[in-house]
Amino acid sequence: MDTRESKTPEEELEHLKEVLEPEDFDDPEPDAKQPEAKKPPPRTMQRLLPIIIVVLGLLVAAMLIYSGSAQ
């Protein structure tokens, strides 16, 4: 965040261009200034979550079987 009180005329002009630029609803593509908006989010968690659930389920089943046979 820019905390300076005054801006140069070039900075002020750039700020006004950004603020006054209308939203383009016809073209939903991300702006060239936002390369992070173009790439999809990483799907690591979507792939990892089912594996974690299966492993936890196997651990719980093994603990139940072990505790049932120990008595």
Side-chain angles (χ1 to χ4, degrees):
M1 186 168 91
D2 193 3
T3 57
R4 293 180 294 169
E5 290 296 321
S6 62
K7 297 181 178 182
T8 65
E10 292 84 17
E11 290 174 329
E12 189 66 34
L13 182 62
E14 182 66 30
H15 173 71
L16 287 174
K17 284 181 184 177
E18 290 173 2
V19 172
L20 298 176
E21 184 176 299
E23 184 105 20
D24 187 9
F25 292 108
D26 295 331
D27 186 18
E29 286 295 316
D31 294 334
K33 298 177 187 175
Q34 298 175 325
E36 69 278 359
K38 291 184 179 182
K39 57 185 175 184
R43 299 181 187 256
T44 308
M45 200 59 182
Q46 290 178 351
R47 293 180 184 153
L48 206 58
L49 191 60
I51 296 171
I52 292 172
I53 291 173
V54 168
V55 169
L56 286 176
L58 290 173
L59 285 173
V60 169
M63 287 172 40
L64 290 174
I65 291 171
Y66 178 74
S67 67
S69 65
Q71 293 176 353

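FYI, the numbering just counts along the sequence from 1.
- Members clustered with Leu13: none, using a 4.5 Å side-chain heavy-atom cutoff among hydrophobic residues.
- When hydrophobic side chains of Ile, Leu, Val, Met, Phe, Trp and Tyr are connected at separations under 4.5 Å, Ile65 ends up as a singleton with no cluster partners.
- Cluster membership for Leu48 and Leu56, using ILVMFWY side-chain heavy atoms within less than 4.5 angstrom, is shared.
- Met63 forms part of no hydrophobic cluster, judged by ILVMFWY side-chain heavy-atom separations under 4.5 Å.
- Note that CD of Glu14 is 10.5 Å distant from CD of Glu10, once rounded to the nearest 0.5 Å.
- Remark: Leu49 pairs with Ile53 by the side chain to side chain contact (heavy atoms under 4.5 Å, CB included) rule, at least two apart or across chains.
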